[in-house]
Number of protein chains: 2
Amino acid sequence: MENLRIGNKQLIKDINRALVIKWIRNHGPISRTDISKETKLGLSTVTNIVEDLINNKLVFEVGEADSSGGRRPVLLEFNYEFGYTIGIKIEENHIILALTNLKAKILNKVILSCNKGEKSENVILLIVEGINKLIEKSNIPKDRVLGIGIAVSGLINGQKGIVIRSSLLGWSNVQLRERIESEFNVPVYIDNDVNAYTLAELWLGYGREHDNFICLSVGAGIGAGIVIDKKLYIGQFGGAGEFGHSIIQVNGYQCHCGQRGCLEMYASEKFLEKEGNLLLTQFEASILKNSDFTFETVHKAALGRDSLALELFKRLGEYLGIGLINMINSLNPETIIIAGEGMIAKDYFLPYAKEMADQNFFSKANYQTNYYVSELGEDAWVAGAALLAINQLFPIPIYNDSLLTSLQITSLGNEG
Amino acid sequence: MENLRIGNKQLIKDINRALVIKWIRNHGPISRTDISKETKLGLSTVTNIVEDLINNKLVFEVGEADSSGGRRPVLLEFNYEFGYTIGIKIEENHIILALTNLKAKILNKVILSCNKGEKSENVILLIVEGINKLIEKSNIPKDRVLGIGIAVSGLINGQKGIVIRSSLLGWSNVQLRERIESEFNVPVYIDNDVNAYTLAELWLGYGREHDNFICLSVGAGIGAGIVIDKKLYIGQFGGAGEFGHSIIQVNGYQCHCGQRGCLEMYASEKFLEKEGNLLLTQFEASILKNSDFTFETVHKAALGRDSLALELFKRLGEYLGIGLINMINSLNPETIIIAGEGMIAKDYFLPYAKEMADQNFFSKANYQTNYYVSELGEDAWVAGAALLAINQLFPIPIYNDSLLTSLQITSLGNEG
DNA sequence: AACTTACTTTATTCAATGAAGCAAGTATCA
DNA sequence: TGATACTTGCTTCATTGAATAAAGTAAGTT
């Protein structure tokens with residue numbers, strides 16, 4: 001249950017400190033006066049808080065801006081190097097680790113190979129090794145790492161820190177957080193990979209200026225992250241956004257999840273494979289005849305105007321459109337951001353998807369949903385993983401439960 | 001954008017007043033000491049706030065509880081008759097109006113008939129007439145009505161107070177709130193009827209002890225209300241929860257909304273009609289042969305073991321199950337509450353729906369979703385409509401925007 | 001020299017709070 | 001029975017500490 005804090009001086013202080021930090025983080029470099037104007041906090045209040053933040057090295061004065069007829073404003077900037085976080089993405093056959101500053105900017109990267117289907121225990125050992133290597137390579141003191149975020153594909157219970165099930169990795173019920181946390185004594189956060197990507201969009205991409213959207217990943221599978229009021233919605237145990245397993249066809253293709261007719265079987269790489277092989281007989285001339293069906297190979301074929309490839313993408317697009325309709329009609333998002341490996345071939349399927357999706361329930365009432373193609377690169381996955389941790393360092397301090405990890409920073413001011 | 005208030009004394013005061021009110025509302029009769037213990041507010045703080053509330057007649061002392069070795073605790077109870085609200089449900093051929101106290105308890109009811117397909121302007125006039133009649137009948141001063149809530153089936157933009165589209169009523173773009181508000185000079189809230197019912201579940205039913213659920217209504221159509229963290233999620237413009245128009249069958253039955261294969265065509269009364277007529281040739285002996293197909297008629301037939309009726313409910317149940325799967329997989333709710341007129345026949349279709357729905361993505365990982373059959377009666381629709389207004393009277397005052405209407409009450413204390 | 005803009009210092013305000021006190025009961029025991 | 005000690009509930013009051021408005025200082029432009 002959401003436990004709102006009671007009103008007292010400490011709450012005032014925490015809220016206003018967090019507010020000032022937020023403004024400097026999101027809009028810095030910025031002057032004290034501007035913070036005061038924007039937040040409606042009294043100027044002297046801002047002065048006091050900023051002094052405190054500077055003493056704690058969370059904020060720096062970085063120079064002066066031009067005057068417009070009076071004393072020059074002193075510009076403040078957040079100290080993104082106050083500490084570091086590590087973002088990790090576990091993939092089928094390698095692990096990507098990145099050291100980031102508190103802006104989720106990647107400062108250093110380590111990529112380790114591992115065998116496909118490797119046991120979780122061995123992967124954990126690899127991760128530990130990778131973290132150590134990364135810290136050493138980056139030449140920073142270990143205790144400046146303030147948090148670790150790990151992105152894993154599959155069903156994740158972030159609160160408990162458990163990988164419930166990952167069909168890609170072949171894991172189930174792995175206590176990932178506990179293992180890494182005990183090794184480094186630093187808060188560790190884990191979440192679904194698409195959720196991590198969604199966080200990257202929220203903080204570094206589209207979400208910088210928007211509060212509500214769904215981020216849909218089209219690739220080997222289908223996944224989605226749901227952002228409501230600038231917060232990631234995770235559901236009862238972290239399983240929200242499994243749109244890939246919404247059923248769009250009664251008695252449709254058998255899905256690996258046990259259901260039939262899942263969207264994932266119609267709008268991800270799995271569809272290219274399945275439908276591609278079925279259609280081969282009708283498209284004898286296709287250059288895909290002796291190839292496998294991945295976004296890459298089919299895309300290449302499509303570039304060469306291969307008619308099987310074109311047909312596959314057309315069908316995938318139309319099915320994806322139905323998936324989009326279901327998202328729109330059930331959640332009514334402002335925008336759907338589309339990302340994932342599949343987007344290399346976006347020109348060949350997105351138009352069909354959009355055309356189909358525009359037939360949604362709301363469009364009849366002239367309420368449009370926006371589509372937006374993610375512009376973040378590959379690095380967004382690990383950056384998003386790092387954000388799993390960064391996100392927790394500066395929470396809005398109005399709830400009781402959010403204090404556990406953030407205390408380290410937000411209450412530094414009480415000591416001095 | 002959610003605009004968090006800045007920290008100052010007024011915020012402290014508002015939070016703590018709201019907190020005390022909440023405890024008395026939800027757990028009264030309760031003593032000052034117990035409030036202090038539960039909220040962690042200082043006892044003297046509670047005393048002060050309570051004094052204020054009593055002066056403003058928001059709270060009453062209602063007697064003493066037994067002593068357990070010391071002075072008897074003085075019990076406080078919320079004054080649910082501090083004011084009244086009016087809940088209204090607009091149906092196809094009548095309008096139901098109810099006067100409620102601030103607990104959404106129905107004190108008086110007026111039902112007006114109107115023609116099916118009546119123009120919105122005439123219906124509005126009827127509503128005005130009904131409200132006046134209700135107030136007169138209840139013998140209360142007009143200015144004790146603190147808010148009016150109206151539940152309408154269809155697509156509603158609650159923020160703007162507009163009925164965007166209601167296929168049942170044949171309305172589109174009706175400025176309902178503005179019209180009623182200008183007539184009575186009292187805040188008016190409008191929302192989708194299922195959202196109103198969901199609010200009733202949230203405050204009067206299942207939600208009293210739970211924070212996250214989806215409330216699904218099975219009747220003439222299919223609708224759903226989504227509760228996240230004890231708050232109704234409404235989407236970009238109030239259209240969240242249109243699960244009825246999620247597509248479960250590519251190229252399926254044509255829906256009135258323009259799409260094909262909507263859940264609403266497979267799991268509401270519309271399905272009984274459509275599929276019933278199609279199946280008549282195979283079930284020559286059915287007593288439904290010259291009947292219409294409503295939940296009522298088909299249910300009666302099922303009671304007589306009519307095999308067409310049984311088959312229809314079986315199929316409806318299975319399709320409904322697929323709808324449930326899609327809800328579960330995309331939102332991962334703790335519980336799905338099922339309600340609506342269709343539930344008279346629940347014994348004939350729910351078992352099939354549950355069996356199907358239990359095949360969802362998460363069940364493979366042993367994470368169960370709960371189903372719960374709504375126990376609120378017919379009155380819950382208007383009670384929920386009243387709650388649309390009541391809900392806004394005592395908001396958690398941490399956001400700037402929530403102050404508009406609640407100020408009347410929460411700042412009474414500043415005057416005395 | 002007058003005006004602007006940016007920031008700091010200082011006295012004030014006010015809601016929460018802990019401590020002390022008051023109110024009104026129960027338990028114990030002569 | 002009733003005097004005393006103890007318990008529990010509530011109130012009063014001085015203190016605290018954060019924001020804040022006002023006055024003062026710094027450093028620029030016109």
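As the structure is a prediction and not an experimental result, all values here were calculated from the model.
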Fill in: Partner residues of A:Phe213 under the ring pair (Phe, Tyr, Trp, His ring centres under 6.0 Å) criterion, sequence neighbours left out
A:Tyr206
[Y] side chain reached by [X] side chain, heavy atoms, under 4.5 Å:
| X | Y | value |
| --- | --- | --- |
| B:Ile390 | B:Leu199 | no |
| A:Ile15 | A:Ile398 | yes |
| A:Ile228 | B:Tyr233 | yes |

What is the nucleic acid contact for [X], judged by heavy atoms within less than 4.0 Å: base, sugar-phosphate only, or nothing?
| X | answer |
| --- | --- |
| B:Thr47 | base |
| B:Leu43 | base |
| A:Thr45 | base |
| B:Lys40 | nothing |
| B:Val46 | nothing |

Discussion item. Using heavy-atom distances to pick each residue's nearest nucleotide on DNA chain D, tell me which of B:Asn48 and B:Ile6 is more 5'.
Written reply: B:Asn48
Worksheet entry | Of A:Gly69 and A:Lys9, the one whose closest DNA chain D nucleotide lies more 5' | A:Lys9
Please state how far atom [atom1] in [X] lies from atom [atom2] in [N], giving the value in whole angstrom units.
| X | N | atom1 | atom2 | result |
| --- | --- | --- | --- | --- |
| A:Ile30 | C:dC7 | CD1 | C1' | 15 Å |
| A:Arg5 | C:dA15 | CZ | P | 19 Å |
| A:Arg17 | D:dG17 | CZ | P | 16 Å |
| A:Gln10 | D:dA18 | CD | C1' | 10 Å |
| B:Asp52 | D:dT11 | CG | C1' | 16 Å |
| A:Lys13 | D:dT16 | NZ | C1' | 13 Å |
| A:Asp14 | D:dG17 | CG | C1' | 13 Å |
| A:Glu51 | D:dA18 | CD | C1' | 15 Å |

Ignoring backbone atoms, test whether [X] places a side-chain nitrogen or oxygen under 4.0 Å from the OP1 or OP2 oxygen of [N].
| X | N | answer |
| --- | --- | --- |
| A:Asn16 | D:dA18 | no |
| B:Ser67 | C:dT26 | no |
| B:Arg32 | D:dT11 | yes |
| A:Ser31 | C:dC7 | yes |
| A:Arg72 | D:dT29 | no |
| A:Asn8 | C:dA15 | no |

Donor-acceptor pairs under 3.5 Å, side chain of residues 23-30 of chain B to any protein atom, not counting sequence neighbours: which ones?
none

Worksheet item: Any Lys/Arg nitrogen of B:Glu81 or B:Lys57 sitting under 4.0 Å from an Asp/Glu carboxylate oxygen of the other?
Response: no
Worksheet item: With the threshold set at 4.0 Å, does a side-chain nitrogen-carboxylate oxygen contact exist between A:Arg32 and A:Glu51?
Response: no
Listing time: all N or O pairs from protein to nucleotides 21-23 of chain D that are below 3.5 Å?
residue	atom	partner	partner atom	Å
D:dA21	N6	A:Ser44	OG	2.9

Item to complete: Determine the sole option in A:Val46, A:Thr47, A:Leu53 for which the side chain to side chain contact (heavy atoms under 4.5 Å, CB included) test with A:Ile49 is passed.
Response: A:Leu53
Practice prompt. Please state whether the base of C:dA6 and the side chain of A:Arg71 form at least one donor-acceptor pair under 3.5 Å?
Written response: yes
Worksheet entry | Most 5' of A:Leu75 and B:Glu64 on DNA chain C, judged by nearest nucleotide | A:Leu75
